[in-house]
Participant: 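Below you'll find the structure I mean.
These numbers come from the heavy atoms of this one structure, side chains and all, not from hydrogens, waters or symmetry mates.
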Amino acid sequence: MPIRTLLSIMFKQLKDCIFPRNHQSKLEDEDFRESIVSDKPAANKIKDKCISSVRSVESSVSTRSNASSSSNRLDCNKETALEEVESVDDEDDIPKFTHIMVAAIAAASVNYAMHGYNNLVTNGILASGAFLKQFPSIDTLHTTPETAFTHSRMQGLTVGVYQLGCALGAILCCFLSDHFGRKPLIHVIGFLNIVGVVLQTSAFNIGHLMAGRIITGIGVGAGHATFPLYLAECIPSELRGKSVLCCASASSAGNFIGAVMGVAFYFVHTTAQWRTPLGLELILSVLTFVLPFWCPESPRLLIRKRKFDAACYNYAKISGEKADSNHVRQEMKKLELAMEAAGDQSQEHPPRLKYRFLLAIFIQCMATLSGIDTITFFSTQTFERQLHFSQLSSRFFTMGLQGFQWIFSTLVIFLIDSFGRRKLVMGCSISMACAMASLCGLTWQGATESMFKGAILFYFIIMCVYPLGYNLVPSLIAAELSPATYRHKITAVAMSLHFCFGFMITMITPIAFESIHSRYYFVFLATNMSAFIIVMLLFPETKGFALEDIEQMFLNKKYLAIGPDPLKPRHISIEKEIIQKRNDILLQSIQSLSSAR
């Protein structure tokens, strides 16, 4: 493709994101999305017309005194029509969170909070005197230049084995998630977390500590691959973004609490300085094991296993309705039809499977390659060694960074369904690229004290913008883009690669800061710019779409091809067909009433 054409496409996509077009052109360009949104007012208009027609027929029939039998028949037809009209009203109701949904979100949030807490506790204890005295082979603060490289490599390995365990846990979900089910796997995740925390807290040598971190990582990684998938399958599309990002807020809350523990136990000089913060993870581990007892199995998974009665019961339990209600029956029929269609397609291949697989992997890996792990795991040491702040000041700065991340992780819950996934990722990636470039310029060797103080601002900017576009937004996008029959495998592989890159980052970060110093930030400048360009060109917007509707996007062979208008899906959605059928039934009822009159 000519460079001029590619640049024109990029400019057009960037212009559309920054300067949205007027409402009329938006209606013309986004037929698929507006077909769902604009159908609700249309259904309301037809509903009002039907109600007025039924009332007029009723009044005309009531004036005919010699047509009692006809009146009875018309009354029956009238009631049928009004029931259909009320069903349209039910379709338009916005779903609300039920206590089962809250329990599922709470179980997922606790697992993510444990991940964040573990990261920041590790960050703090790596610079703790009692911890380094217990494990002197990873001490990079009190070492000679001859042993600095060896100790940095061992420290990176000790921190990184946790990410390696997370990658192993995520990839195991490929083989276990569909076979055993989501709920039993979540209980196993809680048990592994308990075992791993006990081993870490009781560690007396570096091998013992690594074993605990690996087992904890397996449990947390399996949870990261399972919980977003479980929530995406159980939560309605209108609430899906908020529910998944509640987990992101919980992860940031865990980060903040871990940073607070680093400050609180700074003044303790015994082994309790690091054993107590690690031991407190046991509370979160037990909650991860207990909370899923209130959560049902995924209805979509049960439908794929042909367990329709159990799926109907679980769907009604999640939505807070009776299993024999009209709404539940209609939704189950819709899910069954969508799953059957997906099953027919899976006999060959779902549409654009490789393409969607690569999109899911890319967006997950970019969340790690953004450079956030460099700050999350090593900020305290960076402030001490590179920026020359005191130990206590470094811990307070780390606590402040995590506090800001928590605030903005909570803020994105209210933005995800307003701005959409794609714009948030693009804004986050370009902001982080600018911040990384600034850090590289402000922390180079020979920088002044005022430059070091200015660098603190950009650390805070990174921690504020990261949760807005990365954090768990990539996990949500990966689950939404994946076809139903391959969703658990794609999300598991993508999450596993996410943690593999995290292991790589934690391994090389201590060595990179020893060798190339602040120029290490140039790596993340390049990765964030690449994420911005590729997301702008190739990623669709999935805000407000049901999972079955997203599946229909990729049936269009030209969809998402690089060329003019790459992000305009054009097809009739499942919701539109259902509403149209309901309206046809209403009109037929009105016609029967009119003919009887």
Side-chain angles (χ1 to χ4, degrees), residues 103-125 159-170 172-173 182 185-203 209-231 243-262 265 274-293 295 372-373 376-377 402 405-406 409-410 467 471-472 475 495 498-499 502 506:
I105 295 170
S109 299
V110 169
N111 184 77
Y112 278 91
M114 181 176 175
H115 176 64
Y117 181 84
N118 186 283
N119 289 346
L120 264 294
V121 164
T122 304
N123 186 332
I125 65 177
V159 175
V161 291
Y162 171 77
Q163 300 277 6
L164 202 60
C166 289
L168 179 59
L172 286 175
C173 291
R182 316 284 189 247
L185 186 60
I186 292 172
H187 286 301
V188 174
I189 288 168
F191 176 76
L192 289 175
N193 288 344
I194 293 173
V195 174
V197 170
V198 171
L199 288 176
Q200 287 186 79
T201 306
S202 61
L209 180 66
M210 286 186 180
R213 288 185 62 79
I214 289 175
I215 294 175
T216 305
I218 292 174
V220 172
H224 273 58
T226 303
F227 278 115
L229 177 61
Y230 178 73
L231 294 180
S243 63
V244 173
L245 289 182
C246 284
C247 303
S249 178
S251 177
S252 298
N255 286 344
F256 178 70
I257 296 172
V260 171
M261 289 297 166
F265 285 87
W274 60 274
R275 292 190 191 275
T276 303
L278 287 177
L280 291 176
E281 285 186 74
L282 192 62
I283 299 174
L284 300 177
S285 302
V286 172
L287 288 175
T288 305
F289 180 79
V290 172
L291 284 174
F293 282 107
C295 302
I372 191 64
D373 286 342
T376 301
F377 284 103
Q402 302 307 323
Q405 187 183 21
W406 184 14
S409 294
T410 306
N471 213 351
L472 280 187
S475 299
M495 184 60 68
H498 166 88
F499 286 118
T506 53

Participant: State which residues pass side chain to side chain contact (heavy atoms under 4.5 Å, CB included) with Ala203; sequence neighbours excluded, sorted by chain then number.
Facilitator: Phe135, His208, Leu209
Participant: Could I get the full list of ring-ring contact (aromatic ring centres under 6.0 Å, His included) partners for Phe227, not counting sequence neighbours?
Facilitator: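 ring-ring contact (aromatic ring centres under 6.0 Å, His included) list for Phe227, sorted by chain: empty.
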Participant: Evaluate Tyr162 against Asn118 for side chain to side chain contact (heavy atoms under 4.5 Å, CB included), listing each step before the verdict.
Facilitator: CA-CA 9 Å; Tyr162 171 77; Asn118 186 283; 3.9 Å; yes
Participant: Test Thr122 against Val159 for side chain to side chain contact (heavy atoms under 4.5 Å, CB included), laying out the working first.
Facilitator: CA-CA 8 Å; Thr122 304; Val159 175; 4.1 Å; yes
Participant: Got a sec, which residues hit side chain to side chain contact (heavy atoms under 4.5 Å, CB included) with Ala259, two or more places apart in sequence or on another chain?
Facilitator: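 In terms of side chain to side chain contact (heavy atoms under 4.5 Å, CB included), with neighbours along the sequence ignored, Ala259 is linked to Leu120, Thr398, Met399, Gln402.
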Participant: Who pairs with Thr201 by side-chain hydrogen bond (donor to acceptor under 3.5 Å, both in side chains), at least two apart in sequence or on another chain?
Facilitator: none
Participant: When rounded to the nearest 0.5 angstrom, what distance separates CD1 in Ile215 from CE in Met210?
Facilitator: 14.0 Å
Participant: Walk me through whether Asn255 and Trp406 qualify under side chain to side chain contact (heavy atoms under 4.5 Å, CB included).
Facilitator: CA-CA 8 Å; Asn255 286 344; Trp406 184 14; over 6 Å; no
Participant: Can you see which heavy atom on Gly212 is nearest to which on Leu199, and at what distance?
Facilitator: CA-CB, 3.6 Å
Participant: If you compare all heavy atoms of Ser409 against all heavy atoms of Pro467, which two are closest, and at what distance to 0.1 Å?
Facilitator: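 Looking at all heavy atoms of both residues, the shortest contact is OG-CB, 3.0 Å.
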Participant: What residues, two or more places apart in sequence or in another chain, satisfy ring-ring contact (aromatic ring centres under 6.0 Å, His included) together with Phe265?
Facilitator: none
Participant: Apply the test side chain to side chain contact (heavy atoms under 4.5 Å, CB included) to residues Leu280 and Tyr117: give CA-CA distance (whole Å), side-chain angles for both, the deciding distance (0.1 Å), then the verdict.
Facilitator: CA-CA 10 Å; Leu280 291 176; Tyr117 181 84; 3.6 Å; yes
Participant: Could you tell me which residues satisfy side chain to side chain contact (heavy atoms under 4.5 Å, CB included) with Ile125, sequence neighbours excluded, listed by chain and number?
Facilitator: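 Once residues adjacent in sequence are excluded, the partners of Ile125 under the side chain to side chain contact (heavy atoms under 4.5 Å, CB included) criterion are Val121, Ser128, Phe131, Trp274, Leu278.
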Participant: If you round to the nearest 0.5 Å, how far is OG of Ser252 from CD1 of Ile257?
Facilitator: 11.0 Å
Participant: Which atom pair, heavy atoms only, marks the closest approach of Leu229 to Ala225?
Facilitator: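 Where Leu229 meets Ala225 most closely, the heavy atoms are CB-O, 3.9 Å.
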Participant: To the nearest 0.5 Å, how far apart are CG in Leu284 and CG in Asn193?
Facilitator: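 Spacing of CG (Leu284) from CG (Asn193) equals 9.0 Å.
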Participant: Just to verify, what does Arg213 make a salt bridge (charged side-chain N to carboxylate O under 4.0 Å, His left out) with, not counting sequence neighbours?
Facilitator: none
Participant: Nearest 0.5 Å, what's the OG1-CD1 distance between Thr216 and Ile194?
Facilitator: 11.0 Å
Participant: Treating Ser251 as the side-chain partner and Cys247 as the backbone partner, does any N or O pair qualify as donor plus acceptor under 3.5 Å?
Facilitator: no
Participant: Once side-chain hydrogen bond (donor to acceptor under 3.5 Å, both in side chains) is applied, do any residues pair with Thr376, and if so which ones, sequence neighbours excluded?
Facilitator: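 None.
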Participant: Work out which heavy atom in Gly190 is nearest to a heavy atom in Thr288; give both atom names and the distance.
Facilitator: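 Gly190 and Thr288 have their closest heavy atoms at CA-CG2, 4.0 Å.
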Participant: How close do Gly502 and Asp373 get, counting heavy atoms only, and between which atoms?
Facilitator: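 Nearest heavy atoms, Gly502 then Asp373: CA-OD2, 3.7 Å.
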Participant: Restricting to side-chain hydrogen bond (donor to acceptor under 3.5 Å, both in side chains), what partner residues turn up for Ser475, sequence neighbours left out?
Facilitator: Gln364
Participant: Side chains of residues 104-114: which donor-acceptor pairs under 3.5 Å do they make with residues two or more places apart or in other chains?
Facilitator:
| from | atom 1 | to | atom 2 | distance (Å) |
| --- | --- | --- | --- | --- |
| Ser109 | OG | Ile105 | O | 2.7 |
| Tyr112 | OH | His224 | O | 3.4 |

Participant: What residues, two or more places apart in sequence or in another chain, satisfy ring-ring contact (aromatic ring centres under 6.0 Å, His included) together with Phe293?
Facilitator: His187, Phe289
Participant: Once side-chain hydrogen bond (donor to acceptor under 3.5 Å, both in side chains) is applied, do any residues pair with Gln163, and if so which ones, sequence neighbours excluded?
Facilitator: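 Counting only residues at least two positions away or on another chain, Gln163 forms no side-chain hydrogen bond (donor to acceptor under 3.5 Å, both in side chains).
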